[in-house]
Amino acid sequence: MLLKALREAIEAYTGETIAELQATPIDDRRRSVENASGEPMRLVRCYPHVGRGNVMGDRVLTGGEVDALLDEALR
């Protein structure tokens, strides 16, 4: 019952079905959010918090940094 209510709330908030959300690649979703807001998407970390998550924010890389590291590794 709770899971169904959560799914319905997510669909109502986003205007998309769960299947549509799952089928959209993360990069496409990021791009659409950035286009809608006019600003680059940022990772916000609130620690300590209850639950799971990445607490190693000092190791998070931008897409450009990842691309540069990949280019270097492929040389």
Side-chain angles (χ1 to χ4, degrees):
M1 180 83 173
L2 181 60
L3 183 57
K4 182 179 179 186
L6 177 61
R7 287 177 178 264
E8 290 171 351
I10 291 170
E11 289 176 345
Y13 183 79
T14 62
E16 297 182 55
T17 67
I18 296 295
E20 291 169 330
L21 292 169
Q22 290 174 330
T24 305
I26 291 172
D27 194 48
D28 290 348
R29 180 145 322 273
R30 178 196 53 78
R31 192 175 299 111
S32 69
V33 168
E34 288 179 348
N35 288 337
S37 70
E39 296 181 2
M41 195 177 225
R42 295 185 315 229
L43 173 67
V44 177
R45 174 173 51 118
C46 300
Y47 183 78
H49 60 85
V50 176
R52 300 171 68 188
N54 181 4
V55 297
M56 295 171 34
D58 60 324
R59 296 186 185 190
V60 175
L61 302 175
T62 67
E65 291 169 326
V66 171
D67 290 341
L69 288 170
L70 178 61
D71 290 343
E72 181 66 30
L74 293 176
R75 287 183 193 174

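The residues of the chain are indexed from 1 along the displayed sequence.
In this structure, the separation between CD1 on Ile10 and OG1 on Thr17 is 11.5 Å, given to the nearest 0.5 Å.
Residues that satisfy the salt bridge (charged side-chain N to carboxylate O under 4.0 Å, His left out) test with Arg75, not counting sequence neighbours, are Glu72.
Within a 6.0 Å sphere centred on CG of Leu70, other residues, nucleotides and ligands contribute more than 12 heavy atoms.
Residue pairs meeting the side-chain hydrogen bond (donor to acceptor under 3.5 Å, both in side chains) criterion with at least one member in residues 7-16, sequence neighbours excluded: Glu16-Arg29.
The hydrophobic cluster containing Leu6 also contains Leu21, counting ILVMFWY residues as joined when their side-chain heavy atoms lie under 4.5 angstrom apart, directly or transitively.
For the pair Arg30 and Met41, the tightest heavy-atom approach, listed with the atom from each and the gap, is CG-SD, 3.7 Å.
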